[in-house]
Number of protein chains: 2
Amino acid sequence: MGQDVRKIKTERDIQAAFLSLLDTKGFRHLTVADICQSALTSRSTFYAHYLDKYDLLDQMVAHYSAIFASRVDLHFEQMIAGEIDQMITDLLGDMAENRQAIAILFKVHEPNADLQANFRAMLLKKWQTFIVAQQPKTAAPIELIAAMGTTVQMTLIEWEITHGETSVAGVADAVNTIREAVLMQVAGDEK
Amino acid sequence: MGQDVRKIKTERDIQAAFLSLLDTKGFRHLTVADICQSALTSRSTFYAHYLDKYDLLDQMVAHYSAIFASRVDLHFEQMIAGEIDQMITDLLGDMAENRQAIAILFKVHEPNADLQANFRAMLLKKWQTFIVAQQPKTAAPIELIAAMGTTVQMTLIEWEITHGETSVAGVADAVNTIREAVLMQVAGDEK
DNA sequence: TTGGAATTGTTGCTTTTCGAACAGTTATCG
DNA sequence: CGATAACTGTTCGAAAAGCAACAATTCCAA
């Protein structure tokens with residue numbers, strides 16, 4: 001099972017080159033030849049690993065989606081519990097090596113490969129089931145409140161991923177204020 | 001020629017890993033297995049490229065020595081002419097990609113592989129022939145003055161290589177003052 | 001000093017990658 | 001529109017890298 005080191009290396013090189021070019025030239029006008037030239041591999045090798053550039057993008061999006069999927073439960077619970085500082089620390093810890101890659105992939109929006117949309121969808125589902133479980137008495141539609149919570153959380157994630165481990169103090173406060181407003185809606189409290 | 005991309009890549013990986021380990025563990029206690037593990041290559045591949053770790057070091061020292069050898073004439077002339085700013089700019093320009101590698105190799109002193117000693121030897125030879133050509137009337141031994149000039153120039157080079165493209169203004173002045181003192185000795189002027 | 005562990009070079013065999021060609025498909029531009 | 005350039009996806013033999021095993025040092029601590 002332990003793969004041949006060469007496969008690991010070429011996939012690493014191809015993916016690194018892909019991300020770099022994605023950042024500069026964008027996805028649409030990127031050719032397989034471009035990627036291979038930058039990765040110092042041959043095209044035939046590329047096709048031994050991926051069907052085409054779409055497959056490469058798919059696999060990478062799936063990869064980072066899976067990583068986030070394995071953390072999303074904890075992340076959501078921390079959000080609800082208001083443990084914003086800890087949530088941010090954990091997120092940055094988990095994503096440390098992948099931060100740059102995720103930041104780049106977040107800007108790519110292809111029909112069946114949209115990392116940002118995947119993250120958002122996972123969070124939205126969490127919010128929906130959470131709100132339903134609360135049996136809110138609010139007049140506002142459940143879907144709206146779920147969308148609100150998701151948006152707030154996604155905005156924070158994007159901010160952290162692009163800005164890295166900068167000062168977190170003010171951020172936590174700001175997020176917390178908005179978070180409480182959303183949760184108040186869920187509880188059904190009228191102002 | 002060594003045209004196959006794979007050769008280029010493995011040598012690049014091996015040399016990068018080697019430099020990195022050289023910086024952390026030093027040369028003596030470094031094993032071929034260490035290098036290969038860090039470079040993600042196999043030992044048999046290593047031995048297909050190098051005789052042993054000494055050969056690897058030799059080749060790298062020879063490589064950077066050759067680069068410096070191709071610049072040393074211009075570099076020395078700029079030193080004599082007092083074009084310190086230009087000299088520094090040119091040096092950093094030429095060495096931009098190799099700065100880190102040279103800085104690391106400068107700390108390695110093996111019997112037949114000493115980059116720092118090679119640099120110094122080249123400069124010393126330039127100073128010696130220069131001074132002889134001037135037919136100095138100074139009472140001081142030629143070898144002493146040559147050693148002085150070489151030391152001053154080497155010190156500057158080491159400073160630039162370790163400190164990079166930081167402010168150059170004050171450096172040029174300081175070097176120039178010392179340079180003039182040395183040249184005054186060459187001219188034989190008694191204070 | 002000695003015995004086990006680690007390191008060295010070397011080897012045979014397998015797997016992967018390379019490079020160059022190929023026909024077929026899409027852009028690009030005058 | 002037409003052509004010609006670029007890109008795709010595939011194939012092939014040759015070259016390189018990987019891997020595991022080996023005996024032969026060398027290291028190092030008991």
Side-chain angles (χ1 to χ4, degrees), chain A residues 1-63 104 108-113, chain B residues 1-63 104 108-113:
Chain A
M1 290 302 264
Q3 290 235 2
D4 195 311
V5 194
R6 288 172 288 184
K7 287 191 171 184
I8 297 172
K9 274 196 291 186
T10 62
E11 289 181 7
R12 161 171 65 66
D13 291 345
I14 286 175
Q15 293 188 13
F18 181 58
L19 283 174
S20 170
L21 292 172
L22 218 46
D23 201 28
T24 57
K25 297 185 181 176
F27 182 73
R28 300 293 168 90
H29 303 288
L30 206 57
T31 74
V32 173
D34 287 337
I35 299 169
C36 292
Q37 182 175 9
S38 175
L40 288 183
T41 65
S42 63
R43 290 195 310 119
S44 55
T45 299
F46 178 94
Y47 287 110
H49 288 262
Y50 307 99
L51 296 173
D52 46 37
K53 69 172 183 173
Y54 299 93
D55 182 42
L56 170 57
L57 180 63
D58 288 349
Q59 289 195 27
M60 295 191 69
V61 168
H63 174 71
I104 293 172
V108 178
H109 308 286
E110 291 294 315
N112 288 318
Chain B
M1 315 295 185
Q3 62 282 63
D4 198 312
V5 194
R6 288 170 290 185
K7 288 191 172 184
I8 297 171
K9 274 196 291 186
T10 62
E11 289 181 7
R12 161 170 65 66
D13 291 346
I14 287 176
Q15 294 189 10
F18 181 60
L19 284 173
S20 170
L21 293 172
L22 218 47
D23 200 28
T24 57
K25 297 185 181 176
F27 181 72
R28 299 293 168 90
H29 302 96
L30 206 56
T31 74
V32 173
D34 287 337
I35 300 169
C36 292
Q37 182 175 8
S38 175
L40 289 182
T41 65
S42 64
R43 290 196 306 120
S44 55
T45 299
F46 178 94
Y47 287 110
H49 288 262
Y50 307 99
L51 296 175
D52 46 37
K53 70 171 183 173
Y54 299 92
D55 182 41
L56 170 57
L57 179 64
D58 288 349
Q59 289 195 29
M60 294 191 68
V61 168
H63 175 71
I104 293 172
V108 178
H109 308 286
E110 292 294 315
N112 287 319

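Every chain is numbered from 1 and lettered A, B, ... according to where its sequence line falls, protein lines coming before strand lines.
A distance-only check finds a donor-acceptor pair linking the side chain of A/T10 to the backbone of A/R6 [under 3.5 Å].
When the C1' atom of D/dA6 is taken as reference, atom NZ of A/K53 falls 13 Å away, rounded to whole Å. Atom CG in A/D55 sits about 13 Å away from atom C1' in D/dG9, given to the nearest Å. Computed from coordinates, the A/Q3 CD to D/dC19 P distance equals 11 Å when rounded to whole Å. Per the geometry, CZ belonging to A/F46 stands 13 Å off C1' belonging to D/dC7, to the nearest Å. In this structure, CG of A/D13 is placed 14 Å from P of D/dA17, rounded to the nearest angstrom. Residue A/H49 contributes atom NE2, which lies 18 Å from atom C1' of D/dT8 at whole-angstrom precision. Between A/R12 atom CZ and D/dA17 atom P the separation is 15 Å, expressed in whole Å. When the P atom of C/dT16 is taken as reference, atom OH of A/Y50 falls 15 Å away, rounded to whole Å.
Residue B/S42 places none of its side-chain N or O atoms closer than 4.0 Å to OP1 or OP2 of D/dA17. B/Y47 has a side-chain polar atom (N or O) that falls below the 4.0 Å cut-off from OP1 or OP2 of C/dG9.
Pairing each heavy atom of A/H49 with each of A/Q59, the nearest pair is O-NE2, 4.1 Å. For the residue pair A/A113 and A/V61, the shortest heavy atom distance occurs at CB-CG2, 4.1 Å. Heavy atoms only, all atoms of each residue included: B/G26 and B/L30 are closest at O-CB, 3.6 Å. The shortest heavy-atom contact between A/R43 and A/C36 is CA-SG, 3.7 Å.
As judged by a 4.0 angstrom heavy-atom cut-off over every strand, A/I8 is placed among residues making no nucleic acid contact. Across all strands, B/K9 comes closer than 4.0 Å only to sugar-phosphate atoms, never to a base (heavy-atom distances).
Interface remark: the B/R6 side chain does form a donor-acceptor pair with the C/dT17 base, using a distance-only criterion of under 3.5 Å. Judged by atom type and distance alone, A/R43 does not reach the base of C/dG19 through any side-chain donor-acceptor pair under 3.5 Å.
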inquiry  = If you apply the rule side-chain contact (heavy atoms from CB on, under 4.5 Å), what do you find for B/L40 with B/D13, and how did you get there?
reply    = CA-CA 8 Å; B/L40 289 182; B/D13 291 346; over 6 Å; no
request  = Apply side-chain contact (heavy atoms from CB on, under 4.5 Å) to B/Y54 and B/N112, showing your working.
outcome  = CA-CA 9 Å; B/Y54 299 92; B/N112 287 319; over 6 Å; no
Strictly under 3.5 Å: I want the nitrogen or oxygen pairs between protein and nucleotides 25-29 of chain D, one per line.
none

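Side-chain contact between A/D52 and A/D55 is present, with at least one heavy-atom pair separated by less than 4.5 Å. B/K9 places a side-chain heavy atom less than 4.5 Å from the side chain of A/T41.
For the helix from C/dT1-D/dA30 to C/dG30-D/dC1, the end axes, each set by the C1' atoms of five terminal pairs, are bent relative to each other by 60° (nearest 10°).
Checked against D/dT8, D/dA16, C/dA20, the side chain of A/S44 finds its nearest nucleotide in C/dA20. Relative to the side chain of A/V32, the nucleotides D/dG18, D/dT8, C/dG9 differ in distance, and D/dT8 lies closest. Among D/dA16, C/dT7, D/dT8, the nucleotide with an atom closest to any side-chain atom of A/T31 is D/dT8. Comparing C/dG9, D/dG18, D/dT8 by their closest approach to the side chain of A/D4 singles out D/dG18.
Of the two residues contacting DNA chain D, namely B/E11 and A/L51, the nearest-nucleotide position lying further toward the 5' end is that of A/L51.
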Would you tabulate the side-chain donor-acceptor contacts of residues 15-23 of chain A under 3.5 Å, counting partners in other chains and residues two or more places apart, or write 'none'?
| residue | atom | partner | partner atom | Å |
| --- | --- | --- | --- | --- |
| A/Q15 | NE2 | A/Y50 | OH | 3.1 |
| A/D23 | OD1 | A/K107 | NZ | 3.3 |

